[in-house]
Student: 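This is the structure, below, for whatever I ask next.
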Protein chains: 2
Amino acid sequence: MNSFTEENYLKAIYKLVQLSGLAVSTNAIAEKVNTSAASVTDMLKKLSDKKLIHYKKYQGVTLSSKGEKAALKIIRKHRLWEMFLVDILDFKWDEVHDIAEQLEHVNSDKLIEKIDKFLNHPIVDPHGDPIPDANGKLNNPKSHLLSFFNKNDVCIITGVVDHSTSFLQYLDKSGIALGHEIKIKDIIKFDRSLKITINKGNNVFISNDVAKNILAINK
Amino acid sequence: MNSFTEENYLKAIYKLVQLSGLAVSTNAIAEKVNTSAASVTDMLKKLSDKKLIHYKKYQGVTLSSKGEKAALKIIRKHRLWEMFLVDILDFKWDEVHDIAEQLEHVNSDKLIEKIDKFLNHPIVDPHGDPIPDANGKLNNPKSHLLSFFNKNDVCIITGVVDHSTSFLQYLDKSGIALGHEIKIKDIIKFDRSLKITINKGNNVFISNDVAKNILAINK
DNA sequence: ATATTATTTTAGACAAGTCTAAAATTTATT
DNA sequence: AATAAATTTTAGACTTGTCTAAAATAATAT
Ligand SMILES: [Mn+2]
Ligand SMILES: [Mn+2]
Ligand SMILES: [Mn+2]
Ligand SMILES: [Mn+2]
C-alpha cells in the first residue's frame with residue numbers, strides 16, 4: 001500500500017502530465033503539493049524505487065503504468081465521493097473538494113464499488129470532471145474553454161477548470177451551472193470579456209479570466 | 001487537531017476506562033493499540049501536554065473532559081459510519097468495522113451531521129452499541145451478558161461484546177441477530193453452556209464463551 | 001563560448017511515531 | 001521487612017516526511 005503522501009504525489013504528477021503532455025518538473029510538483037523542491041526529490045526517489053514513476057535525475061518525471069493505475073484509482077474515489085456528497089447528502093458543489101481530499105484515501109475496493117453502484121455509475125462529478133471506471137478507463141469528453149468560442153456560438157456548459165470555493169460561488173451567483181445553455185452575444189475586443197445569454201434568458205457579462213475557467217461543448 | 005494516532009489512543013483509553021471504571025495502565029493501552037509499552041509512555045506525555053488526559057508517572061491515566069469529548073466524537077463517527085455502511089450500502093455487520101476505523105478520522109463536522117440526519121438520527125449502531133449525540137451525550141442502555149440470565153428467562157438480544165468477523169459470522173450462521181427473542185431453555189451445569197430458543201422457533205446450543213459475548217435485555 | 005540565472009539535487013537536521021534494551025518504580029511474595 | 005517479580009519509564013536508535021542551505025546541473029543571455 002501507498003501512504004497518503006505518496007498518493008497525493010501520484011495524483012499531482014498525473015494531473016500535471018495530463019495538462020502538459022510532457023514529463024513534469026520537480027518545481028511543478030513542489031508547487032502542486034505545496035512543499036519544497038528538496039522534499040519532492042526525496043519522494044521521487046522513493047516512488048521510483050517502488051516502480052510507480054519513470055524518473056531520471058534532472059530529466060523530469062512521468063507515471064509508470066502501475067503509477068497511473070494508482071493515480072486513476074484515487075481520482076475515481078475523489079470524484080465518486082464528491083458525487084455522493086452533492087447528490088445524496090445535499091452538499092453544494094463548492095463545499096465538497098476538501099472532504100473528498102480526505103475520503104479519497106480510504107482504502108476499500110468494496111466500499112468504492114458500492115458507492116459507485118449506489119450512485120448509478122455516474123460518468124462525471126459535480127464539477128463536470130469525468131470519473132474513471134473500475135478499470136481506470138477514463139472518457140475524456142472533448143470540451144473547450146468558453147474563451148475559445150466565437151460570437152453567436154451556442155454551447156452547453158460541461159465543467160470548470162478552477163475548483164475554488166470563491167469561483168464556484170461566483171458562478172452560482174451569476175446563474176451559471178453545468179448543463180446550462182450559453183449563447184455568446186458579444187466579445188469585447190479590448191479585454192476579450194463576454195456578454196452571454198444563459199438559458200435563453202438573462203444576459204450576463206463575464207471576464208476573459210472567468211471564461212478561461214469554464215468548459216463547454218458546442219450545441 | 002489531533003493526529004490519527006492520537007485519536008486512536010484517546011479512543012482506546014476511553015474504552016478501557018469505561019470497562020474498568022479505573023485509571024488504565026500503560027500495558028493495557030499498549031495491548032489495545034497494538035504497540036509497545038514504551039511507545040505508549042511517549043504518547044501519554046504528549047497527550048498530557050495537550051491536556052487531553054490526566055497522567056502521573058506510574059499512576060495510570062484517565063481522560064480529561066477535553067479528551068473525553070474528543071474520544072466520544074470519534075466513537076460517534078465510527079458508529080454512524082458503520083450504520084451508513086450497513087443500512088445504506090448493504091454491507092454485512094461483520095464487514096464494516098475496519099472501514100469505519102478509517103472513516104472515523106475524516107474531519108468534517110458538517111459531513112457527520114449530514115450523515116446522522118440522512119440516517120434519521122440512529123440511537124445504536126449495527127452491533128447494538130449506542131451512538132453518542134452531537135454533544136457527546138451517550139445513552140447507556142442497561143443490557144446484561146446473556147451468560148447472566150437464568151433458566152426460563154426470556155430476553156431480547158441488544159448487542160455483542162466481541163466484534164470480530166468470525167464471531168459475527170458464527171452468530172449469523174446460528175440465526176442469532178439483534179432484536180431476536182431468546183428463551184433460555186436449559187443451562188448445563190458442567191460448562192455453563194446454554195440451550196436457547198430463538199424467536200419461539202429453533203433450538204440452538206451455545207457455549208458460555210459465546211454467551212459472554214452477547215448482550216440482552218429482559219423482556 | 002562564457003557568464004549569469006534558474007532548476008534540481010545533496011547534505012544535514014528535525015518532529016512524529018515507533019522499536020529494543022536497560023533502569024527505575026511498584027506490587028507481590030516470603 | 002526484605003526479596004522477587006511485574007510494570008513502567010528512560011535511553012538511544014530507526015523510519016517517514018519535512019525543512020534550509022549549499023552544491024551540482026541545465027537553461028538562458030550576452
Ligand atoms: Mn475535487
Ligand atoms: Mn471535482
Ligand atoms: Mn466497530
Ligand atoms: Mn460497532
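Here is the naming used below: chain letters follow the sequence lines, and residue numbers restart at 1 for every chain. These figures come from a predicted structure and were not determined experimentally.
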Student: Which residue, A:Lys57 or A:Ala37, contacts DNA chain D at a nucleotide closer to its 5' end, judged by nearest heavy atom?
Tutor: A:Ala37

Student: Indicate whether the side chain of A:Glu7 and that of A:Asn2 have a donor and an acceptor atom separated by less than 3.5 Å.
Tutor: no

Student: Looking at every strand, decide which applies to B:Tyr55 at a 4.0 Å heavy-atom threshold: base, sugar-phosphate, or nothing.
Tutor: sugar-phosphate

Student: Does B:Thr35 have a side-chain nitrogen or oxygen under 4.0 Å from the phosphate oxygens OP1 or OP2 of C:dT18?
Tutor: no

Student: Under a 3.5 Å cutoff, is there a donor and acceptor pairing between the side chains of A:His127 and A:His97?
Tutor: no

Student: I want to confirm an ordering. Mapping A:Val40 and B:Asn34 to their closest nucleotides on DNA chain C, which one lands closer to the 5' end?
Tutor: A:Val40

Student: Could you state the atom-to-atom distance from CD of A:Gln59 to C1' of D:dA26 in whole Å?
Tutor: 9 Å

Student: Does A:Ser39 make a side-chain N or O approach to OP1 or OP2 of D:dC19 shorter than 4.0 Å?
Tutor: yes

Student: When you measure from the side-chain N and O atoms of A:Ser36 to the phosphate of D:dC19, is any distance below 4.0 Å, counting only OP1 and OP2?
Tutor: yes

Student: What is the distance, rounded to the nearest whole Å, between atom CG of A:Leu44 and atom P of C:dT7?
Tutor: 16 Å

Student: Is it true that B:Glu104 and B:Arg79 have a side-chain N and a carboxylate O under 4.0 angstrom from each other?
Tutor: no

Student: Can A:Phe84 and B:Phe84 be said to form a ring-ring contact (aromatic ring centres under 6.0 Å, His included), step by step?
Tutor: CA-CA 13 Å; A:Phe84 167 78; B:Phe84 167 78; 5.4 Å; yes

Student: A:Asp42 CG to D:dT20 C1': how many Å, rounded?
Tutor: 12 Å

Student: Counting only side-chain nitrogens and oxygens, does A:Lys45 get under 4.0 Å of the OP1 or OP2 atom of C:dT10?
Tutor: yes

Student: Under 4.0 Å between a side-chain N or O of A:Thr26 and OP1 or OP2 of C:dT9?
Tutor: yes

Student: Would you call A:Lys73-A:Asp109 a salt bridge at under 4.0 Å N-O?
Tutor: yes

Student: Whole angstroms only, please: what is the CG-C1' distance between B:Leu47 and C:dA16?
Tutor: 13 Å

Student: Mapping B:Lys56 and A:Ala38 onto DNA chain D by nearest heavy atom, which one lands closer to the 5' end?
Tutor: B:Lys56

Student: B:Asn27 side chain N/O closer than 4.0 Å to the phosphate oxygens (OP1, OP2) of D:dT8?
Tutor: yes

Student: Does A:Lys114 use its side chain to pair, donor to acceptor, with the backbone of B:Asp90 at less than 3.5 Å?
Tutor: yes

Student: Under 4.0 Å, heavy atom to any atom of DNA chain D: which of residues 5-21 of chain A qualify?
Tutor: A:Thr5, A:Tyr9

Student: To the nearest Å, give me how far apart CD (A:Glu31) and P (C:dT7) are.
Tutor: 11 Å

Student: Any carboxylate oxygen within less than 4.0 angstrom of a Lys/Arg side-chain nitrogen, looking at A:Asp133 and A:Arg76?
Tutor: no

Student: How many Å lie between OH on A:Tyr58 and P on C:dT8, as a whole number?
Tutor: 10 Å

Student: In this structure, how many angstroms lie between the P atom of D:dT8 and the CD1 atom of B:Ile29, rounded?
Tutor: 9 Å

